[in-house]
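Encoded as structure tokens, the structure appears first; notes follow it.
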Amino acid sequence: MASNSDKAGKGSRKRMSSPEIDGPLKRIKSEDGENGETKYNPYLAHMGEYKDKKDGYSNGSRHPEGSPLHGFARRQTTAEQAFVAEDGDNNPFTGEPHSQQYFAILKSRRNLPVHKQRQEFLDLYHKTQILVFVGETGSGKTTQIPQYVLYDELPHLNKKLVACTQPRRVAAMSVAQRVADELDVNLGEEVGYSIRFEDKTGPRTILKYMTDGMLLREAMHDHEMSRYSCIILDEAHERTLATDILMALLKQVAKRRPDLKIIVMSATLDAQKFQRYFYDAPLLAVPGRTHPVEIFYTPEPEKDYVEAAIRTVLQIHAVEDEGDILLFLTGEEEIEDTCRKISLEVDEMIRETDCGPMKVYPLYGTLPPHQQQKIFEPAPPPSRKGGRPGRKCIISTNIAETSLTIDGIVYVVDPGFSKQKIYNPRIRVESLLVSAISRASAQQRAGRAGRTKPGKCFRLYTEDAFKNELIPQTYPEILRSNLSNTVLELKKLGVQDLVHFDLMDPPAPETMMRALEELNYLACLDDEGELTDLGSLASEFPLDPTLAVMLIHSPEFLCSNEILSITSLLSVPQVFVRPANKRREADEMKNHFRHADGDHLTLLNVYHAFKGVVNQGGDPKKWCHEHYLSYRHLSSADNVRMQLKRIMETYEIDLVSTDFHDKNYYTNIRRALVTGFFMQVAKKENNKVYRTMKDNNQAVMLHPSTVLQTDYDWVVYNEFVLTTKQYVRTVTGIRPEWLLELAPTYYDIDSWEGQPDVKQALKAVAEKKRRRDAMKAGR
DNA sequence: GAGCACTGC
């Protein structure tokens with residue numbers, strides 16, 4: 001142990017005492033970066049052996065007398081033991097004395113509902129491999145359960161981690177910070193988080209919060225998830241694509257790894273479904289801590305939900321007690337519109353009655369962060385002394401249902417609609433549709449009224465509709481998505497038999513077939529459905545297969561630097577900003593970057609200009625503002641670009657450019673686009689209408705935002721947009737002979753079915769090319 | 001000549 005005390009004070013954390021604390025081997029390892037010594041200490045060699053002994057670290061002897069964890073046997077601990085250790089002077093995981101703040105937080109932790117059931121939790125945890133845990137909002141499950149697991153798993157002993165997944169990055173980051181505080185450790189040391197672009201964990205990390213997508217990525221290279229001794233899937237009821245795949249995967253891994261424990265945490269609804277899915281796993285339910293919310297329904301269905309919503313909000317403002325209002329609507333335009341209308345109406349009310357002031361705020365995902373922050377401003381004070389209190393009204397998309405929590409909401413107005421993604425496998429198109437929400441969603445919305453005190457929820461539909469028309473749960477994402485990316489991931493994850501892969505809600509066979517077909521055309525899967533080398537490489541990129549394949553092919557066209565930039569820009573939200581009152585100015589600015597051959601090349605021009613400003617030490621923020629570009633999204637594209645570039649370097653994909661003055665500079669890029677987008681091609685039918693290829697076969701128009709000027713008969717497009725009309729967005733002109741040359745399987749004329757005019761046109765192109773080649777040869 | 005629910009790698 002002497003070597004440990006020698007080190008005291010040298011590490012990043014000041015070690016005050018307790019050299020006898022367990023884990024010297026670990027500590028030395030983590031600190032040897034300081035002076036480059038003691039990678040291996042022969043006196044401590046025996047401590048590395050416990051791993052090989054079957055039950056070697058469960059006998060308690062690993063924690064010497066005096067250690068807070070003395071007597072703890074892995075997976076045999078009691079809540080009482082943990083309480084004593086938590087109450088101790090020194091932190092069992094770091095050896096440091098506990099801070100004052102620690103004891104203050106500990107007190108509040110013990111008031112959480114979940115605290116009472118710690119022993120019950122441990123009893124179940126000990127006797128089962130998979131556990132379903134159900135806890136309502138406010139139960140403390142997300143912060144406490146992983147800590148209960150830590151005190152029982154003792155992950156510092158077997159060098160395995162406890163992981164807890166979250167659907168969203170912000171949640172992973174903020175919960176990790178909270179738990180680090182609760183455990184009295186520095187974030188990034190014993191407790192860390194891992195999200196895209198940021199890995200805040202270290203050699204000492206024993207508890208890691210991470211996004212579900214991140215764990216899935218890791219699993220692609222470690223099918224056994226061997227770094228973890230316990231995996232906790234939190235918010236499983238949200239049923240993200242990543243969570244669904246992880247659940248199916250973990251079911252398989254659990255069979256191969258009896259030592260791996262799995263906890264699936266969910267909100268109450270549908271708990272039995274999770275239980276059944278996990279072989280009737282035991283279930284532990286913990287009550288939440290929220291205030292009651294009184295629900296009101298309309299007696300008759302409302303014809304116009306926006307109008308009804310406005311009426312309801314004004315009514316609340318006129319007659320209800322103090323408290324803020326949250327109204328759920330479906331999209332940006334609807335929200336901005338309603339904000340204006342309500343503000344005007346309130347102004348009138350103030351003039352005519354003695355009602356208090358009301359601030360109205362919009363809230364949706366694409367709103368810049370500083371404007372999103374405004375919703376947290378306090379409600380306005382009464383307009384005169386002794387007047388009626390003011391309130392704020394937030395008009396929000398679904399973002400306020402799960403992602404953002406606003407305290408102080410007492411009234412919720414729920415018209416019962418949201419925009420939802422749907423996938424039509426027949427024409428391979430994802431689109432957004434305003435649809436009725438589910439009962440689970442309605443309950444979640446109502447719950448937002450009871451966070452700080454008892455609240456009221458006004459549902460703008462009948463009770464009968466709630467009971468009989470709303471579906472119980474929102475369809476999971478996996479049933480509403482194009483699965484090309486997912487299928488490629490599954491193949492990479494080593495799932496051989498997709499048909500029998502045990503997903504909780506298997507997608508439609510047609511959706512699977514479409515994905516397999518698409519991946520086959522992209523040559524990511526061979527004709528037997530096996531992953532090809534190209535497919536394996538493509539799956540390394542956090543991109544849609546189309547983009548990944550294009551990027552991998554791009555060096556052949558001497559433009560991988562440029563395709564890398566374009567790919568990054570296509571992976572972030574629209575970089576062009578178009579404020580409602582300055583559309584003309586914004587469009588004029590956009591024209592500065594216009595490339596006559598299409599939008600992809602225009603994006604590239606924007607990126608080059610942006611980088612030019614950055615590299616010349618200009619003020620990119622100011623420049624973006626002046627040019628109606630989103631600094632946020634351009635920076636994020638730059639971030640994505642760096643990540644993709646690193647992956648390209650790892651797999652030795654050359655980063656090359658054609659000389660800018662070469663006449664083929666842009667042609668090479670357009671040809672490279674075809675290697676990925678050859679299935680997203682539209683051919684001009686008449687002046688306005690284009691038609692997409694093969695069984696997609698849709699009449700589309702070029703989106704009005706396009707800069708494409710030259711009259712191209714053939715275009716590639718990035719996106720199919722279904723709104724009032726069918727549009728293709730982000731389009732670039734191409735030459736049809738490139739299709740025959742670069743995607744010969746897809747554009748095989750002999751096997752071409754349907755679309756006789758397209759077939760005819762392709763035939764003519766092929767014939768022309770043949771003649772030209774013959775002439776060249778004859779010369 | 002128009003609109004973009006929300007996440008995630």
Side-chain angles (χ1 to χ4, degrees), chain A residues 165-172 194-199 210-221 235 238-246 328-337 363-367 396-404 417-422 430-435 437 441 444 474 476-478 480-481 485-486 488-489 492-493 538-545 547-548 568 571-580 583-584 586-587 630 633 636 639-640 643-644 646-647 688 701-707 719 721-730:
Chain A
T165 68
Q166 297 292 321
R168 283 169 291 279
R169 285 189 218 159
V170 268
S194 177
I195 58 176
R196 187 183 186 180
F197 304 127
E198 198 182 3
D199 180 12
M210 64 204 301
T211 47
D212 47 12
M214 200 71 203
L215 183 58
L216 200 56
R217 281 259 135 207
E218 280 189 10
M220 287 182 9
H221 291 113
E235 315 289 1
E238 287 196 27
R239 304 290 308 278
T240 66
L241 247 168
T243 293
D244 270 16
I245 296 168
L246 282 172
F328 285 100
L329 290 180
T330 63
E332 171 175 345
E333 200 178 319
E334 196 180 77
I335 287 171
E336 293 288 0
D337 213 45
L363 176 63
Y364 43 86
T366 47
L367 205 64
S396 171
T397 61
N398 252 2
I399 193 169
E401 199 180 293
T402 46
S403 310
L404 258 166
F417 294 97
S418 70
K419 269 192 193 166
Q420 286 169 33
K421 185 174 75 180
I422 52 164
E430 283 181 346
S431 52
L432 286 171
L433 200 70
V434 174
S435 334
I437 60 169
S441 202
Q444 176 73 18
T474 309
E477 201 183 356
I478 200 165
R480 299 184 286 118
S481 306
N485 209 357
T486 304
L488 185 64
E489 270 171 12
K492 181 72 173 190
L493 284 160
S539 72
E540 295 291 339
F541 291 91
L543 293 170
D544 269 348
L547 291 174
S568 310
S571 312
V572 299
Q574 184 66 261
V575 296
F576 297 105
V577 179
R578 216 164 165 256
R583 289 183 184 167
R584 203 173 43 84
D587 290 351
S630 163
H633 296 154
S636 129
N639 222 350
V640 172
Q643 187 193 24
L644 298 177
R646 263 200 305 277
I647 300 172
K688 282 190 168 162
M701 286 167 48
L702 303 189
H703 195 272
S705 65
T706 189
V707 299
E719 208 182 355
V721 190
L722 187 68
T723 53
T724 44
K725 297 191 185 104
Q726 298 196 117
Y727 292 107
V728 287
R729 189 159 52 189
T730 314

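At a threshold of 4.0 angstrom between heavy atoms, the contacts of D587(A) include nucleobase atoms, whether or not backbone atoms are also involved. Across all strands shown, R168(A) has heavy atoms under 4.0 Å from sugar-phosphate atoms exclusively, and none from any base. Across all strands shown, R239(A) has no heavy atoms under 4.0 Å from either base or sugar-phosphate atoms. R583(A) comes within 4.0 angstrom of a base, heavy atoms only. Contact annotation for T397(A): backbone-only contact, meaning every heavy-atom pair under 4.0 Å involves sugar-phosphate atoms and none involves a base. At the heavy-atom level, L432(A) lies under 4.0 Å from base atoms of the strands shown. Within 4.0 Å of T211(A), counting heavy atoms only, lie sugar-phosphate atoms of the nucleic acid but no base atom. Residue contacts for Y727(A): at a heavy-atom cut-off of 4.0 Å it reaches the sugar-phosphate backbone alone, with no base atom in range. Within 4.0 Å of Y364(A), counting heavy atoms only, lie sugar-phosphate atoms of the nucleic acid but no base atom. Using a 4.0 Å heavy-atom cutoff across all strands shown, Q420(A) reaches no nucleic acid atom at all. Using a 4.0 Å heavy-atom criterion, one finds that I195(A) contacts the sugar-phosphate atoms exclusively.
When each of S571(A) and K421(A) is assigned the nucleotide of DNA chain B bearing its nearest heavy atom, the one mapping closer to the 5' terminus is K421(A). Position along DNA chain B of the nearest nucleotide to L363(A) versus E489(A) favours L363(A) as the more 5'-ward residue.
Note: T486(A) OG1 to L241(A) CG = 4.5 Å, rounded to the nearest 0.5 Å. Put simply, CD1 on I478(A) and CG on D244(A) are 5.0 Å apart, with the number rounded to the nearest 0.5 Å. From T243(A), atom OG1 reaches atom CD of E235(A) across 9.0 Å, with rounding to the nearest 0.5 Å. Residue L216(A) holds its CG atom at 5.0 Å from CG of L246(A), rounded to the nearest 0.5 Å.
When DNA chain B is scanned 5' to 3' for any atom under 4.0 Å from a heavy atom of chain A, the first and last hits are dG1(B) to dC9(B).
Residues T240(A) and E238(A) bring no donor and acceptor atom of their side chains to less than 3.5 Å of each other. With hydrogens and angles left out, the side-chain atoms of S441(A) and E401(A) include a donor and acceptor closer than 3.5 Å.
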Dot-bracket for DNA chain B: what is it, with Watson-Crick or G-U pairs under 3.5 Å, [ ] where a pair crosses earlier ones, and | for a pair to another strand?
.........
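Within a 6.0 Å sphere centred on CD of E333(A), other residues, nucleotides and ligands contribute 12 heavy atoms or fewer.
The side chain to side chain contact (heavy atoms under 4.5 Å, CB included) search around M220(A) returns R217(A), E489(A), K492(A), L493(A), S539(A), not counting sequence neighbours.
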Intermediate values then yes/no, side chain to side chain contact (heavy atoms under 4.5 Å, CB included), Q444(A) and N398(A):
CA-CA 10 Å; Q444(A) 176 73 18; N398(A) 252 2; over 6 Å; no
